[in-house]
Amino acid sequence: MSAGSPLPSVHTRTAPGPAPNGLGTGLFASEDIRTGEDVLKISTPFVAVLDTLRLSDTCSGCFGKRQLNAGADLDLRACTGCQVVKYCDRSCQAKDWKFSHSHECRIFKELSPRVLPNNARAMLRMILRSAKKKYNTQEIDLFVQLETHIRDIRERNMAQWDRISLSAKAVKMYSGIDMKEEIISAFGAKLDLNAFNLTNPLYDRIGLYLHPYAALINHSCDYNSTVGFDGDELFVKAVRPIKKDEQIFISYIDATSPYDVRHKELSERYYFNCQCSKCFRGTDTPEDKFVTTTHGSAALASAETKAQTFMESASAPDCEPTDAIRKLESAMHVLDQTSAWSISRQPYISIRDELIASLLSSGRFKTAFVQAAIRYIRIDSKVYPYSSHPIRQVHAWALAKLAIHLSQGINTNSDDDVALERFELNFSLIIWSLLNGLVNTESESCTMPSFKRMVRLAFYEVHKEFAANGLDPSNMGDEIKREWEKIEGVVSATLEKK
Ligand SMILES: C[S@@+](CC[C@H](N)C(=O)[O-])C[C@H]1O[C@@H](n2cnc3c(N)ncnc32)[C@H](O)[C@@H]1O
């Protein structure tokens, strides 16, 4: 590790220290850090597990890193012992076996076809690794000091406490370990309070991740860093320049939400009242703004509740994509009818994200392209003001991928009734311009190394095709500008129809 910690898997430009405003310990920059640079990189997790639904489609060794490049061509193979976890190949299997699976495989096999929930699997891993002395003293020392908020959990959320205690009982029974249930429960509480969403390089959630050094980073709704994962490697990157001695902040929640929603989530899930600069401004921030102030707060709250209900039923596991699309469009309609809701105010942003995912699942690529263009052009720069934000980059990639699909004349669903053809888009130029933008800003972007590699490869292919036809889009600025004017036309026409 470069500075501040004796942990071998931690490379950082931070040091722990007392954080002002009663925030306990925090991490502070030990030097100036530029946009896109690593604040912290951790090569080995303390614990990481996949969500139960991801066990069948994601490799438990590389957490989907290799699948990102190989796509559907890579067949995962189940562990021959337990048949629960799957791997790309022997090297991924060997990695997980060495990390923890050798201790738990027998237990998974005995329980099959039942599978322990993700938090119980993570607790089991931590207990077994700790019993096998796989952690070094410094890691354990840091882990022991992590917050548990056990009293808050017991007093304010009995259901959470019951779940933790039940998991502790199960972990003790299945592992046969000689450890008090209270101690195992404390492992569970630390996990609930300090774990990160493990995501793939496209920022889709796939599981749970914990490392006690990364867990020292405090939260701010006006964060200066973002967290991402490349396989089992954790990266914290600077989303804007950070000065030496400045505190590092990430966002534990979706910071695009208005004040009340953020406050509720942080207090119910993490048991604290946020002391960040944005929360001090209360509802006086863009996240809370409405387009007009003519509606009473009751009417707005009622519209929001209706829209949320539509959104929740659209994300029910048994909801077909076509049905989900109808529900999400109804949710948007409810918000539009108030004429107070801007498309960059939550829950509009999340509804559109869900809509794009459902349109993709049902093969409506043209409509998905238009919605992804609205998100890219009209929303992202408002809700993620720093262009280095990884979500902005991932959304640009999603738009480029849709343009690639459409340029290949892929059959779209017959319900895909957007008359995109009349705009005569030159998809190749649009793809080139999106990928060129991503490649050119790579060093200041907070995306993961394998994402950058994938984008670079795609750009190389597109550029090669142009070159084969004797063209270099670097010299076609006017043509590219015209294509973006056309997309602006598509976006305006769609939004005017609302
Ligand atoms: C993951 S830990 C961060 C490290 C922690 N400060 C420590 O000393 O161990 C999260 C806890 O830090 C505190 N915290 C983090 N961000 C905060 C914020 N913006 N406002 C108030 N408390 C915060 C809360 O007690 C929260 O439960």
Side-chain angles (χ1 to χ4, degrees), residues 4-5 7 10 12 14-30 39-40 42 45-48 119 122-123 126 138-157 160-161 164 185-199 208-229 234-236 239-240 242 245-283 285 287:
S5 155
L7 303 172
V10 176
T12 188
T14 65
N21 301 325
L23 268 61
T25 305
L27 289 188
F28 294 81
S30 39
V39 171
L40 169 65
I42 301 182
F46 190 81
V47 72
N119 72 317
M123 283 161 74
M126 289 191 287
Q138 291 90 344
E139 278 177 313
I140 291 288
D141 284 351
L142 262 185
F143 179 76
V144 168
Q145 287 164 38
L146 290 182
E147 297 230 22
T148 60
H149 283 280
I150 270 197
R151 246 182 83 186
D152 286 319
I153 299 178
R154 295 181 82 148
E155 282 170 14
R156 288 163 56 183
N157 193 340
Q160 185 183 7
W161 181 245
I164 292 174
S185 293
F187 271 71
K190 281 189 200 307
L191 183 76
D192 270 19
L193 261 296
N194 297 284
F196 290 90
N197 286 332
L198 174 66
T199 48
L208 282 178
Y209 175 103
L210 175 78
H211 194 285
Y213 191 80
L216 291 176
I217 309 177
N218 283 318
H219 160 92
S220 168
C221 301
D222 188 14
Y223 48 94
N224 52 22
S225 305
T226 56
V227 181
F229 294 89
L234 171 143
F235 290 83
V236 176
V239 80
R240 62 159 175 79
I242 299 173
D245 297 330
E246 218 184 298
Q247 188 175 174
I248 307 301
F249 287 111
I250 55 171
S251 182
Y252 295 177
I253 54 163
D254 183 349
T256 64
S257 301
Y259 173 74
D260 285 348
V261 176
R262 299 199 311 272
H263 180 80
K264 187 167 182 279
E265 218 178 316
L266 290 169
S267 136
E268 288 181 359
R269 166 128 197 247
Y270 296 97
Y271 302 97
F272 67 84
N273 288 324
C274 185
Q275 301 297 320
C276 82
S277 51
K278 195 186 252 181
C279 286
F280 275 126
R281 287 167 62 194
T283 57
T285 70
E287 287 76 12

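Worth knowing before you read on, the calculation uses all heavy atoms, side chains too, and leaves out hydrogens, waters and symmetry mates. When a ligand or atom number is given, it counts from 1 through the structure's own listing order. Along the sequence shown, residues are numbered consecutively beginning with 1.
Relative ring orientation between H219 and F272 is described as tilted, the plane-to-plane angle lying within the 30° to 60° band. Using the six-membered ring where Trp is involved, F196 and F229 have ring planes that are perpendicular, over 60° apart on the 30 and 60° scheme.
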Identify all N/O pairs between ligand 1 and the protein with a separation under 3.5 Å and present them as a table of atom names and distances.
| residue | atom | partner | partner atom | Å |
| --- | --- | --- | --- | --- |
| ligand 1 | 6 (N) | L23 | O | 2.6 |
| ligand 1 | 6 (N) | T25 | O | 2.7 |
| ligand 1 | 6 (N) | N218 | OD1 | 2.8 |
| ligand 1 | 8 (O) | T25 | N | 2.8 |
| ligand 1 | 12 (O) | N218 | OD1 | 3.3 |
| ligand 1 | 16 (N) | H219 | N | 3.0 |
| ligand 1 | 19 (N) | H219 | O | 2.7 |
| ligand 1 | 20 (N) | Q275 | N | 3.1 |
| ligand 1 | 25 (O) | E147 | OE2 | 3.2 |
| ligand 1 | 25 (O) | H149 | NE2 | 3.4 |
| ligand 1 | 27 (O) | H149 | NE2 | 2.9 |
| ligand 1 | 27 (O) | Y270 | O | 3.4 |

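None of F187, Y213, Y209, F143 except one satisfies the ring-ring contact (aromatic ring centres under 6.0 Å, His included) rule with F46; the exception is F143. Partner C221 forms a side-chain contact (heavy atoms from CB on, under 4.5 Å) with one of C274, S251, S277 and no other, that one being C274.
Side-chain contact annotation: T199 with N197, donor-acceptor N/O pair under 3.5 Å absent.
Residue pairs meeting the salt bridge (Lys or Arg N to Asp or Glu O under 4.0 Å) criterion with at least one member in residues 185-196, sequence neighbours excluded: R163-D192.
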